[in-house]
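Below you'll find the structure, written out as structure tokens, and then a few comments.
None of these values were measured; they are calculated from a predicted model.
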Amino acid sequence: GHDVAGWRTLLDAAARGAVAAELPAALDALIDQWRTAPERAKKGMGGSPAQLAAIEARLAPRIAAAVALRALIAPPS
């Protein structure tokens with residue numbers, strides 16, 4: 001994965017129209033990580049339904065934004 005500086009570099013370049021070849025796959029991996037986070041939290045921390053719902057609620061807008069960006073920059077891999 002990328003750290004904050006790495007993501008900033010990739011996204012700043014994309015905003016200027018220079019989409020790095022690695023960005024689509026990086027977004028795919030990030031989307032997958034966020035989509036599977038509640039299940040991993042359930043297994044790893046034994047989260048309560050309220051905790052898992054909070055995780056899902058926090059991640060939903062992030063997932064939507066990443067999916068929208070992914071759709072804008074390239075067709076799915």
Side-chain angles (χ1 to χ4, degrees):
H2 296 282
D3 61 10
V4 172
W7 277 109
R8 182 166 291 139
T9 299
L10 287 172
L11 295 174
D12 285 348
R16 292 188 308 274
V19 177
E22 68 188 88
L23 183 56
L27 284 170
D28 289 341
L30 185 62
I31 292 164
D32 183 61
Q33 181 175 338
W34 284 343
R35 281 185 174 153
T36 59
E39 187 60 31
R40 288 192 319 275
K42 183 178 177 182
K43 290 178 183 176
M45 68 183 216
S48 70
Q51 289 170 320
L52 296 174
I55 291 169
E56 290 174 351
R58 259 193 332 265
L59 290 173
R62 295 177 191 178
I63 293 168
V67 167
L69 177 58
R70 178 65 175 88
L72 285 174
I73 62 169
S77 57

When rounded to the nearest 0.5 angstrom, what distance separates CD1 in I73 from CG in L27?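 Between atom CD1 of I73 and atom CG of L27 there are 5.0 Å.
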List for me each residue that meets side chain to side chain contact (heavy atoms under 4.5 Å, CB included) alongside [X], sequence neighbours excluded, and say none if there are none.
X	result
A14	V19, L23
Q33	R40
L59	W34, A37, P38, I55, R62, I63

Restricting to pairs with a member in residues 48-68, which pass ring pair (Phe, Tyr, Trp, His ring centres under 6.0 Å), not counting sequence neighbours?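 Passing the test, one end in residues 48-68: no pairs.
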Report yes if the side chains of R35 and V67 come closer than 4.5 Å at any heavy-atom pair, otherwise no. yes
Quick one: which residue pairs count as a side-chain hydrogen bond (donor to acceptor under 3.5 Å, both in side chains) with a foot in residues 2-22, not counting sequence neighbours? H2-E22
Quick check against the 3.5 Å criterion: does Q51 have a side-chain atom that pairs as donor or acceptor with the backbone of S48? yes
